[in-house]
**Q** 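Here's a structure for you.
The analysis underlying the following values was restricted to heavy atoms, covering all of them including side chains, and did not include hydrogens, waters or symmetry mates.
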Amino acid sequence: SLLAGLLFDDRHNAMSPSHGAKRKTKHRYYVSQAVLQYKEDEVGSVRRIAAHTIEDLIHKQIKIEFTAETKLSEILSISGMTAADHELLIQRASYLVKSWTNLTPHEQIDHLKRFIKKITISRQEVMIIFSRTGLATTLLPQIETSDLPESDDYCVRIQVALKRCGIESRLIVTDAV
């Protein structure tokens with residue numbers, strides 16, 4: 001599961017991969033550890049979510065963050081970056097986004113764990129905390145991490161709404177992603 005170890009509910013409970021079968025079809029989910037441990041008083045606002053729903057949203061957001069040149073430069077804010085390094089950064093980010101679906105799940109997980117620190121989901125928003133250091137070393141391995149801003153975290157908030165559909169919750173993005 002792509003987001004195992006990265007996804008948490010809004011009460012800081014890890015969301016663990018799980019699955020269920022319905023009419024011979026296997027469905028993947030992330031389920032709050034509080035639910036799995038029967039700690040009802042500690043459950044966040046999201047008990048479980050379809051894996052494809054949250055994984056697709058994260059992929060779309062990575063695409064947005066990595067393909068907007070100004071956004072990528074803003075995220076990294078590397079002092080002393082040459083024009084050649086900046087161009088290389090943009091090229092590598094673009095290549096990573098274009099080749100994402102061709103990567104093996106293991107390669108995708110490896111990248112995600114390098115440049116995402118944490119993803120928190122609530123009924124109103126999904127918050128992604130990127131690691132500037134992880135992002136820089138993924139895209140520009142030769143870069144000196146001492147050139148990065150002191151604050152390693154870069155936070156992206158996506159406004160969403162969770163609508164119940166039977167036992168499942170559907171994630172609806174309410175801002176432009």
Side-chain angles (χ1 to χ4, degrees), residues 1-68 71-72 92-131 134-135 137-139 153-177:
S1 295
L2 292 180
L3 305 179
L6 296 173
L7 187 62
F8 294 82
D9 70 17
D10 53 348
R11 303 252 334 251
H12 310 289
N13 298 300
M15 300 286 286
S16 297
S18 185
H19 67 275
K22 190 179 202 178
R23 295 191 191 116
K24 298 181 184 179
T25 304
K26 186 176 177 181
H27 298 277
R28 295 183 316 110
Y29 299 95
Y30 289 97
V31 181
S32 172
Q33 273 293 313
V35 170
L36 295 173
Q37 296 172 11
Y38 303 103
K39 297 179 179 177
E40 289 299 316
D41 55 328
E42 296 177 23
V43 176
S45 64
V46 179
R47 300 172 71 81
R48 84 175 190 170
I49 188 160
H52 70 87
T53 302
I54 189 68
E55 290 169 358
D56 290 351
L57 177 66
I58 299 303
H59 178 245
K60 284 178 189 171
Q61 194 62 41
I62 287 171
K63 194 174 188 178
I64 289 168
E65 300 299 319
F66 286 21
T67 54
K71 216 171 236 242
L72 198 54
R92 287 189 176 161
S94 176
Y95 177 76
L96 183 60
V97 167
K98 288 176 186 168
S99 65
W100 189 261
T101 55
N102 297 326
L103 297 175
T104 66
H106 180 73
E107 291 170 322
Q108 290 178 356
I109 291 167
D110 186 46
H111 282 302
L112 289 172
K113 290 201 183 286
R114 257 190 262 146
F115 55 72
I116 293 180
K117 286 185 171 183
K118 185 176 184 180
I119 302 164
T120 304
I121 185 168
S122 73
R123 295 194 79 73
Q124 297 83 26
E125 77 174 5
V126 174
M127 181 175 65
I128 307 169
I129 300 176
F130 286 94
S131 162
L135 187 54
T137 56
T138 297
L139 299 175
D153 294 353
Y154 176 78
C155 183
V156 174
R157 295 175 185 273
I158 307 160
Q159 299 305 305
V160 297
L162 281 175
K163 304 288 185 195
R164 290 204 57 85
C165 281
I167 194 168
E168 189 174 317
S169 291
R170 303 267 179 193
L171 186 74
I172 299 164
V173 177
T174 57
D175 65 350
V177 169

**Q** Can you measure from OH (Y29) to CD1 (I49) and round to the nearest 0.5 angstrom?
**A**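 Going from OH on Y29 over to CD1 on I49, the span is 11.0 Å.
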**Q** Take a 6.0 Å sphere around NZ of K118 and say whether it holds more than 12 heavy atoms from other residues, nucleotides or ligands.
**A**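 Yes - once you tally the heavy atoms of other residues, nucleotides and ligands closer than 6.0 Å, there are more than 12.
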**Q** If the condition is side-chain contact (heavy atoms from CB on, under 4.5 Å), which residues does Q37 pass it with, not counting sequence neighbours?
**A**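 If we apply the side-chain contact (heavy atoms from CB on, under 4.5 Å) test to Q37, skipping adjacent residues, the hits are Q33, K39.
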**Q** Once you round to the nearest 0.5 Å, how far does CE of M127 lie from CZ of R157?
**A**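 M127 atom CE to R157 atom CZ measures 5.0 Å (nearest 0.5 Å).
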**Q** Got a donor-acceptor contact below 3.5 angstrom from the R28 side chain to the H19 backbone?
**A**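 Checking the backbone N and O of H19 against the side chain of R28, no donor-acceptor pair under 3.5 Å is found.
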**Q** For H59 versus W100, what's the shortest heavy-atom pair and its separation?
**A**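 Closest heavy-atom pair between H59 and W100: CD2-CD1, 2.9 Å.
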**Q** Could you report the tightest heavy-atom contact between I58 and I116, atom names first, then the distance?
**A**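 I58 and I116 have their closest heavy atoms at CG2-CD1, 4.1 Å.
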**Q** With R11, which residues qualify under side-chain contact (heavy atoms from CB on, under 4.5 Å), at least two apart?
**A**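 Partners of R11 under the side-chain contact (heavy atoms from CB on, under 4.5 Å) test: D9, N13.
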**Q** Please report the closest heavy-atom contact between A93 and F66, naming both atoms and the distance.
**A**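 Closest approach of A93 to F66: CB-O, 3.4 Å.
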**Q** For the pair R114 and D110, evaluate salt bridge (Lys or Arg N to Asp or Glu O under 4.0 Å) and give the outcome as yes or no after the intermediate values.
**A** CA-CA 6 Å; R114 257 190 262 146; D110 186 46; 2.4 Å; yes
**Q** Who are the side chain to side chain donor-acceptor pair (under 3.5 Å) partners of K113, not counting sequence neighbours?
**A**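 Checked K113 against side chain to side chain donor-acceptor pair (under 3.5 Å); zero matches.
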**Q** To the nearest 0.5 Å, how far apart are NE2 in H12 and CD in E42?
**A**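 Going from the NE2 atom of H12 to the CD atom of E42 covers 12.0 Å.
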**Q** Is it true that R47 and E40 make a salt bridge, defined as a side-chain N closer than 4.0 Å to a carboxylate O?
**A**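 Looking at R47 and E40, the cut-off is met.
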**Q** Between S1 (side chain only) and L3 (backbone N and O only), is there a donor and an acceptor less than 3.5 Å apart?
**A**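 No, the answer is negative, given that no donor and acceptor are paired below the 3.5 Å cut-off.
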**Q** Rounded to the nearest 0.5 Å, what's the gap from CD1 on I121 to CD1 on I158? Could you check?
**A**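 If we round to the nearest 0.5 Å, I121:CD1 and I158:CD1 are 9.5 Å apart.
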**Q** Would you compute the distance between atom CD of Q124 and atom OG of S45 and round it to the nearest 0.5 angstrom?
**A**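 One gets 6.0 Å once the value is rounded to the nearest 0.5 Å.
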**Q** Quick one, Y30 and L6 - any side-chain contact, counting heavy atoms below 4.5 Å?
**A**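 A side-chain contact under 4.5 Å is absent here.
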**Q** Please answer whether the main-chain N or O of N102 pairs with a side-chain N or O of S99 as donor and acceptor at a distance below 3.5 Å.
**A**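 No, S99 side chain to N102 backbone: no donor-acceptor pair under 3.5 Å.
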**Q** What closest approach, in Å, do L2 and E55 show between heavy atoms, and which atom pair accounts for it?
**A**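 Between these two residues, the closest heavy atoms are N-OE2, 3.7 Å.
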**Q** Would you say I129 and I119 make side-chain contact, with heavy atoms under 4.5 Å?
**A**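 I129 does not reach I119 side chain to side chain.
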**Q** So I64 and V156, side-chain contact (heavy atoms from CB on, under 4.5 Å) or not? Walk me through it.
**A** CA-CA 11 Å; I64 289 168; V156 174; over 6 Å; no
**Q** Can you confirm whether Y154 sits close enough to I128 that some side-chain heavy atom of one is under 4.5 Å from a side-chain heavy atom of the other?
**A**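 Y154 vs I128: side chains apart.
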**Q** Could you check whether any side-chain N or O of R123 sits under 3.5 Å from a backbone N or O of L162, counting only pairs where one atom can act as donor and the other as acceptor?
**A**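 Confirmed, R123 side chain pairs with L162 backbone.
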**Q** Rounded to the nearest 0.5 Å, what separates atom CZ in F8 from atom OG in S16?
**A**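 The OG atom of S16 is 9.0 Å from CZ of F8, to the nearest 0.5 Å.
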**Q** Within 45 degrees of the axis of the six-membered ring of F130 and under 6.0 Å from its centre: does K117 put its NZ or CZ there?
**A**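 That pair does not qualify as a cation-pi contact.
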**Q** For K63 versus V97, what's the shortest heavy-atom pair and its separation?
**A**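 In this case the closest contact between K63 and V97 is CG-CG1, 3.4 Å.
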**Q** Compare every heavy atom of R48 with every heavy atom of M15, then report the nearest pair and how far apart it is.
**A**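 For M15 versus R48, the nearest heavy atoms are CE-CA, 4.2 Å.
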